[in-house]
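Working notes, beginning with the structure itself.
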Amino acid sequence: MMDTYVDERDYKLLEADRYTFFVLKRIMGGECKLLLSDHERLILCYTGHPFPVWIWTSDDAAEEEMEKAYQLAKENKLLSGKHHFNIKYSLAEYFIRRAAEEGSELKIITNMFAYDCLEPVRPDTESDGGIHCCEMMDLEELVDFMDRFHKELSIDQKDISGYREDAEEFIRTGNMYFWKDEQGHNVASCKYAPDGDMASINLVFTRPEFRRRHYAENLVYQVTMKVKEAGYVPMLYTDADYVASNACYEKIGYVLRGKLCTIG
């Protein structure tokens with residue numbers, strides 16, 4: 001029996017996967033196009049296009065439980081080829097095999113690492129310039145950063161009006177930052193979003209012409225310190241195959257806590 005709501009039982013389930021499913025915990029409390037849970041072994045959550053479908057299963061999920069997740073996705077037309085799924089590797093393997101049996105193809109698109117940072121380490125190389133908290137006067141430039149970021153990663157892409165709406169909200173939180181170089185150019189971006197005792201750091205992006213100058217490394221360190229000072233545990237997701245980015249985070253104190261993947 002699947003309910004169309006979540007309660008404290010579901011949030012308790014996610015505690016064991018608090019790093020890998022941090023985003024799921026946050027979005028379950030918001031507006032969702034589809035939300036299903038048995039409160040014990042399976043949670044399926046989809047906020048809507050262009051975002052991925054999140055499916056949580058227990059680490060010891062049996063094959064019949066994985067089949068149940070597959071059938072739920074199928075019944076709700078999520079296997080039409082238009083959706084991506086953020087899931088554990090064991091379920092990803094099952095979905096890929098079942099799709100192949102039915103004559104369609106699913107594959108791993110992104111391997112994700114989840115990190116936290118309990119003891120930030122100051123970067124070895126300090127960049128010129130400094131951190132800047134975004135204001136409404138920065139709105140259009142932030143929209144441009146967001147557009148470039150999502151196009152480069154090919155994830156969660158929206159139109160400009162969608163990015164503008166999000167950018168306005170990010171600025172209002174006071175948690176959206178740029179790094180300004182010594183000439184006053186906004187060269188890198190980063191923000192954080194709190195939930196419970198943790199805060200996820202994301203939207204980390206450096207304009208291509210300003211890369212390899214340690215701007216993002218210094219910005220993420222500074223934002224990490226702000227997260228710590230605000231009383232939260234900093235965490236972030238990375239593309240596991242992006243070696244340079246992961247090395248950058250590890251240098252400033254981030255520690256690998258979990259693994260996840262995106263299939264589609």
Side-chain angles (χ1 to χ4, degrees), residues 11 14 17-30 47 51-52 54 86 112-123 127 129-136 138-139 141-150 152-153 155-156 158 163-180 186-207 214-239 242 245-246 248-258 260:
Y11 292 107
L14 295 182
D17 293 303
R18 65 197 304 255
Y19 293 101
T20 47
F21 283 85
F22 175 84
V23 169
L24 175 57
K25 181 182 176 184
R26 178 166 53 82
I27 64 177
M28 284 192 320
T47 53
F51 302 108
W54 285 83
N86 286 343
M112 291 192 293
F113 283 166
Y115 288 85
D116 75 358
C117 186
L118 301 180
E119 297 181 9
V121 177
R122 183 178 292 276
S127 299
I131 191 170
H132 165 72
C133 185
C134 292
E135 303 170 356
M136 281 302 171
D138 301 306
L139 178 63
E141 190 159 10
L142 177 55
V143 170
D144 182 60
F145 263 83
M146 293 170 67
D147 184 38
R148 290 168 179 261
F149 170 81
H150 290 286
E152 185 168 302
L153 296 183
I155 60 167
D156 305 345
K158 299 183 178 182
Y163 291 136
R164 186 172 291 111
E165 183 179 338
D166 289 344
E168 289 176 351
E169 178 58 29
F170 296 161
I171 292 171
R172 278 193 289 268
T173 67
N175 302 332
M176 181 75 238
Y177 298 91
F178 280 145
W179 188 272
K180 284 184 179 290
N186 292 320
V187 296
S189 65
C190 178
K191 75 174 183 71
Y192 75 87
D195 184 53
D197 64 341
M198 301 176 71
S200 63
I201 290 177
N202 48 50
L203 197 53
V204 179
F205 181 77
T206 305
R207 289 189 180 278
H214 304 279
Y215 291 129
E217 181 181 344
N218 279 265
L219 177 55
V220 172
Y221 169 75
Q222 293 287 344
V223 173
T224 299
M225 291 303 295
K226 290 182 180 297
V227 170
K228 290 276 291 179
E229 289 162 8
Y232 301 107
V233 175
M235 67 84 59
L236 51 78
Y237 292 103
T238 70
D239 182 338
Y242 194 180
S245 177
N246 293 325
C248 165
Y249 296 133
E250 290 169 4
K251 279 170 57 180
I252 58 174
Y254 277 85
V255 177
L256 180 62
R257 299 296 186 188
L260 201 62

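Residue numbers count from 1 along this sequence. A quick note: this is a predicted structure, and the numbers were derived from the prediction, not measured.
Here the two rings, on Phe178 and Phe145, have centers that are under 6.0 Å apart.
Annotation: the span from Leu236 atom CG to Asn246 atom CG amounts to 9.0 Å, rounded to 0.5 Å. Rounded to the nearest 0.5 angstrom, Leu24 CG and Tyr11 OH are separated by 8.5 Å. Summarising the geometry, atom CD1 belonging to Ile201 is positioned 13.5 Å from atom OH belonging to Tyr115; distances are rounded to the nearest 0.5 Å. Rounding to the nearest 0.5 Å gives a distance of 11.5 Å between CG of Asp138 and OG of Ser189. Taken to the nearest 0.5 Å, the SG atom of Cys134 stands 5.5 Å off from the CG atom of Leu142. Within the model, atoms OH of Tyr221 and SG of Cys117 stand 9.0 Å from one another, a figure rounded to the nearest 0.5 Å.
At a threshold of 4.5 Å between non-hydrogen side-chain atoms, the residues Met198 and Tyr19 count as touching. In this structure the side chain of Pro194 reaches within 4.5 angstrom of the side chain of Asn175, judged on heavy atoms. Inter-residue side-chain proximity for Val121 and Lys251 is flagged as unmet; no heavy-atom pair is nearer than 4.5 Å. Using a 4.5 Å heavy-atom cutoff, the side chains of Leu139 and Ile171 are in contact. Within the 4.5 Å cutoff, the side chain of Gln222 has no heavy atoms near those of the Tyr177 side chain. Residues Trp54 and Leu260 form a side-chain contact, since some pair of their non-hydrogen atoms from C-beta on lies under 4.5 Å apart. Between Lys191 and Thr173, the closest side-chain pair of non-hydrogen atoms is not below 4.5 Å. Using a 4.5 Å cut-off on side-chain heavy atoms (C-beta onward), Lys228 and Pro120 make contact.
The two residues Ser127 and Trp179 come nearest to each other via the heavy atoms O-CZ2, 3.9 Å. Between Asp116 and Arg257 the shortest heavy-atom distance is OD1-NE, 2.8 Å. Contact between Glu217 and Cys248 at its shortest, heavy atoms only, is CB-SG, 3.6 Å. Asn86 and Phe21 get closest at one heavy-atom pair: O-CE2, 4.4 Å.
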Inset, instruction - Apply side-chain contact (heavy atoms from CB on, under 4.5 Å) to the pair Ile27 and Phe51, showing each step before the final yes or no. - result: CA-CA 11 Å; Ile27 64 177; Phe51 302 108; over 6 Å; no

Inset, instruction - Evaluate the criterion salt bridge (Lys or Arg N to Asp or Glu O under 4.0 Å) for residue pair Lys226 and Glu229; output intermediate values, then yes/no. - result: CA-CA 5 Å; Lys226 290 182 180 297; Glu229 289 162 8; 5.6 Å; no

Inset, instruction - Please assess Tyr254 against Thr238 for the test side chain to side chain donor-acceptor pair (under 3.5 Å), listing each intermediate value before the final yes or no. - result: CA-CA 11 Å; Tyr254 277 85; Thr238 70; over 6 Å; no

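No donor-acceptor distance shorter than 3.5 angstrom exists from the side chain of Tyr192 to the backbone of Thr224, with no hydrogens or angles considered.
Atom CD of Glu168 sits in a crowded spot, with more than 12 heavy atoms from other residues, nucleotides or ligands closer than 6.0 Å.
Applying the salt bridge (Lys or Arg N to Asp or Glu O under 4.0 Å) definition to pairs two or more places apart or across chains, those involving residues 193-207 are Arg18-Asp197, Glu141-Arg207, Asp144-Arg207.
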